[in-house]
Amino acid sequence: MLCISLQCLLSPPPYRAGQGALTPTVNPLTAPSKTTVPKEVPQFLFPVSAQNRIVSAQQVQSEEAGTIYGRIQKESQGEHNDEELRKEGGGSETKNEENKEQKLYRLANELLQTERAYVARLHLLDQVFCSSLTEEAGRGSFPPDLIRNIFSNISSIYSFHSQFLLPDLENCMGHWCESPGLGSVLLQHAPFLRMYADYVKNFEQAMELVRTWSERSSVFRTIVQDIQSREVCGSLTLQHHMLEPVQRVPRYEMLLRDYLKKLPRDDPDYDLAHKSLQMISMAATHSNSAIHKAESRKRLLEIYEMVGEEEVVNPTNEFLREGRLLKLAARNTSAMERHLFLFNNFLLCCTPKFSLVGQRFTVRCRIGVDGMQVQQTTNEDHPHTFQVSGKERTLELQASSEQDRDEWIQVIQEAVDVFLKKHETFKLACKELNVEEYTEELGRRAPRWIRDNEVTVCMKCQEPFNALTRRRHHCRACGCVVCGKCSDNKVALEYDGNKLNKVCKACYSILMGKKRRILESEASPVSSDCVMSGFLLYGDNPKTWQQTWSVVTRSEPAALLLYTAPQDVKPLSSIPLLGCSVEDSPQELRGQSGFCLRQPRTTHTFSCDGLDLKQSWLTVLKAAATGRQYGTNTNGSRCNRSTGLASAKCFDGEKKAFFFR
């Protein structure tokens with residue numbers, strides 16, 4: 001019994017990879033007397049006589065396939081007539097399955113045929129247009145860079161399709177009867193479709209270059225027109241053929257969606273085809289994103305040329321809307337024409353100015369989106385008004401219509417909402433949930449750096465970044481993105497081997513405070529066995545004060561020892577306290593928190609931080625000057641008073657009280 005698949009009988013002869021892109025494989029059941037050529041094969045690859053034979057060959061193939069199919073159908077019906085009558089329902093299901101398989105095959109075959117035609121167009125662009133123009137550019141008729149800018153990476157695209165994707169599709173269709181399915185082939189090649197992003201991004205510029213040089217250079221124009229007049233171009237222009245790569249990836253996406261709709265979910269090829277569709281959709285999105293970014297950069301440069309503001313070309317800026325409005329005067333009912341440019345970070349209010357080289361504007365005011373508010377207003381003399389208020393300025397504006405006003409209010413409010421959302425996220429990310437733990441870990445562990453594109457303003461002073469005068473820097477302690485003014489301090493970080501690293505002002509204060517506490521904790525034994533100790537400013541003149549580690553000794557007679565650092569053993573000087581006169585806020589301190597120790601021939605002036613701390617020093621020094629003893633309290637514990645950032649207390653033996661700071 002002869003069993004031949006209906007799909008194999010109706011299918012056109014598959015093309016094998018490795019035997020040339022256009023070498024047909026002859027099917028012994030459907031082979032016509034002459035070589036058949038698919039309709040979509042580029043005609044420029046065949047002589048005129050072969051082109052004339054294409055239609056007749058395909059007709060012969062169709063007639064022979066129909067004859068064979070009819071004969072086999074009659075034989076099958078004659079042998080299985082009784083069985084079909086008994087299983088009429090089962091035959092109907094088989095027919096439906098065959099119809100589904102035929103539809104899947106037609107879709108796959110359509111992909112193959114369109115791929116062949118597409119490769120022919122790529123051949124025309126790369127090997128005919130691009131090669132001819134490049135050859136002429138080598139003679140100096142026009143710049144060689146011009147051709148590269150026009151055709152971008154068309155050579156890479158042509159090589160990928162002609163050498164890889166098309167042969168694999170032909171091989172897949174050649175073995176369709178044994179293993180039907182497109183998923184594995186497309187999944188293998190889908191990631192490479194991202195190369196289209198460069199071509200698509202460059203397409204608009206390429207079109208402009210073709211138009212410009214067709215007008216400027218007669219040689220360029222003659223070569224292009226000569227190729228366009230050939231039969232292979234099909235009376236289409238160069239620009240039309242260059243548009244096909246832009247449309248190709250969406251074409252893959254559309255065909256694959258139709259293929260998945262007709263493919264059963266339990267089919268082995270379904271998961272592969274679904275993954276292929278996801279990757280092709282990502283490639284299409286990648287191309288669209290490249291187009292959007294290119295258009296956005298181009299628009300920013302155009303606005304920069306019109307207004308002359310360097311801040312406009314900041315890559316973090318996103319242009320949202322522009323238009324002409326009337327600004328209402330605050331003191332009277334007059335209205336003045338203004339041109340507004342709205343970005344995601346700020347609003348520019350400009351006035352037109354005379355220029356011979358295009359439209360130009362003068363920036364009258366800039367309003368930041370941070371803190372901006374927008375609301376509709378009512379004005380008897382001017383309809384369709386609304387108000388934009390910010391930290392820098394408040395403007396009352398009149399739109400041309402109610403719709404225009406509502407659109408302006410909506411886009412400004414959306415910009416404000418997006419900014420606030422990002423700012424709130426930024427605050428949460430920077431919030432110190434546990435201040436003590438954060439302070440202790442600071443400098444000991446490498447931080448996670450905030451990415452540059454996550455912030456548009458300095459995370460400390462809130463000033464916006466720009467590419468020239470306020471660039472981004474990272475604090476090596478906390479990882480925040482800050483400006484140069486907020487990161488002009490350096491401190492040794494433990495996680496980097498105690499090397500000096502650039503840190504922000506906040507981290508510098510915390511780390512220097514930790515260093516001071518460490519110095520105090522490592523103070524010498526002399527300073528630890530004392531009544532009170534801490535940093536004081538000492539000197540005869542406030543302009544020449546020197547910071548000293550000051551210690552009131554417990555031994556008798558009491559003395560005030562001055563050290564350069566807490567770890568020092570030998571003091572710089574020693575001031576006996578017995579018989580000294582302690583004066584509060586002498587005139588030479590000019591209202592600062594300080595005091596004096598006066599001896600018969602010498603006066604020592606000191607200054608400290610805060611009135612409470614000064615009062616503690618005065619209490620201890622006056623007691624020591626009168627000879628009162630400090631030793632142990634009623635529980636026998638030592639009495640110690642540390643100042644500065646360290647916690648400490650002092651026990652007054654006479655008043656039976658503790659002094660805390």
Side-chain angles (χ1 to χ4, degrees), residues 7-8 11-22 25 38 40-42 100-123 126 153-200 243-290:
Q7 299 169 358
C8 295
S11 63
Y15 280 67
R16 292 178 180 171
Q19 297 182 359
L22 300 171
T25 302
E40 286 76 8
V41 173
K100 290 182 180 180
E101 292 176 357
Q102 290 177 10
K103 292 179 181 178
L104 290 174
Y105 176 80
R106 290 193 188 100
L107 285 172
N109 189 57
E110 180 183 357
L111 178 61
L112 174 61
Q113 301 304 330
T114 56
E115 185 69 16
R116 286 173 177 163
Y118 177 60
V119 170
R121 299 305 177 210
L122 292 177
H123 181 277
D126 183 51
N153 61 335
I154 194 67
S155 296
S156 300
I157 295 175
Y158 172 62
S159 299
F160 165 70
H161 285 272
S162 62
Q163 299 178 21
F164 298 98
L165 182 55
L166 178 59
D168 285 352
L169 282 175
E170 291 175 337
N171 183 61
C172 174
M173 297 304 298
H175 298 83
W176 186 268
C177 298
E178 295 84 5
S179 57
L182 292 172
S184 60
V185 175
L186 295 179
L187 184 62
Q188 178 183 359
H189 296 292
F192 296 96
L193 296 179
R194 291 198 172 203
M195 71 173 67
Y196 276 84
D198 293 334
Y199 184 89
V200 173
L243 181 62
E244 290 200 22
V246 178
Q247 301 172 336
R248 189 56 185 168
V249 175
R251 176 71 172 172
Y252 288 133
E253 188 176 6
M254 182 185 67
L255 288 173
L256 197 52
R257 288 187 187 277
D258 292 341
Y259 178 79
L260 275 172
K261 289 179 181 179
K262 296 175 176 58
L263 188 66
R265 287 186 173 271
D266 58 350
D267 192 283
D269 193 46
Y270 186 87
D271 290 338
L272 296 176
H274 184 69
K275 292 180 180 178
S276 301
L277 176 61
Q278 290 179 335
M279 299 189 71
I280 292 175
S281 298
M282 289 179 60
T285 303
H286 188 67
S287 298
N288 293 335
S289 177

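Throughout, residue positions are numbered sequentially from 1 according to the sequence presented.
- Across every non-hydrogen atom of Gly181 and Cys172, the tightest pair is O-SG, 2.9 Å.
- Pro245 is not listed as a side-chain neighbour of Met195, based on a closest heavy-atom distance of 4.5 Å or more.
- Within the 4.5 Å cutoff, the side chain of Glu170 has heavy atoms near those of the Arg116 side chain.
- Interatomic distance, OH of Tyr199 versus CD1 of Ile154, reported as 4.5 Å (0.5 Å rounding).
- When all heavy atoms of Phe164 and Ser159 are compared, the closest pair comes out as CD1-O, 3.8 Å.
- Atom-to-atom distance recorded for Leu112:CG and Leu165:CG is 10.0 Å, nearest 0.5 angstrom.
- Between atom CH2 of residue Trp176 and atom CG of residue Leu182 there is a gap of 4.5 Å, rounded to the nearest 0.5 Å.
- Taking both residues in full, the closest heavy atoms of Ala284 and Glu253 are given as CB-OE1, 3.9 Å, listed atom of the first, atom of the second, then distance.
- From Lys103, atom NZ reaches atom CG of Leu263 across 13.5 Å, with rounding to the nearest 0.5 Å.
- Using a 4.5 Å cut-off on side-chain heavy atoms (C-beta onward), Phe160 and His189 make contact.
- Of the inter-residue distances, the one linking Gln247 atom CD with Met254 atom CE reads 10.5 Å to the nearest 0.5 angstrom.
- Using a 4.0 Å cut-off between a side-chain N of Lys or Arg and a carboxylate O of Asp or Glu, Glu110 and Arg106 do not qualify as a salt bridge.
- Contact detail for Met279 and Pro191: the closest heavy-atom pair is CE-CG, 3.1 Å.
- Inter-residue side-chain proximity for Val246 and Leu243 is flagged as met; some heavy-atom pair is nearer than 4.5 Å.
- Residues satisfying the side chain to side chain contact (heavy atoms under 4.5 Å, CB included) test with Gln278, not counting sequence neighbours, are His274.
- How far CG of Leu122 is from CD of Glu244: 8.0 Å, rounded to the nearest 0.5 Å.
- Side-chain contact between Asp269 and Tyr259 is present, with heavy atoms from C-beta onward closer than 4.5 Å.
- Between Leu277 and the options Leu260, Leu186, Leu272, a side chain to side chain contact (heavy atoms under 4.5 Å, CB included) holds for only Leu260.
- A donor-acceptor contact shorter than 3.5 Å links the side chain of Ser276 to the backbone of Gly183.
- The heavy-atom pair separating Asp126 from Ser155 by the smallest distance is OD1-OG, 2.6 Å.
- Stacking of Arg248 on the aromatic ring of Tyr118 is recorded, both the 6.0 Å distance cut-off and the 45° axial limit being met.
- Between Gln163 and Tyr158 there is no side-chain heavy-atom pair separated by less than 4.5 Å.
- At a threshold of 4.5 Å between non-hydrogen side-chain atoms, the residues Tyr252 and Glu115 count as touching.
- Proximity of Leu111 to Leu256: side-chain heavy atoms (C-beta onward) are nowhere separated by under 4.5 Å.
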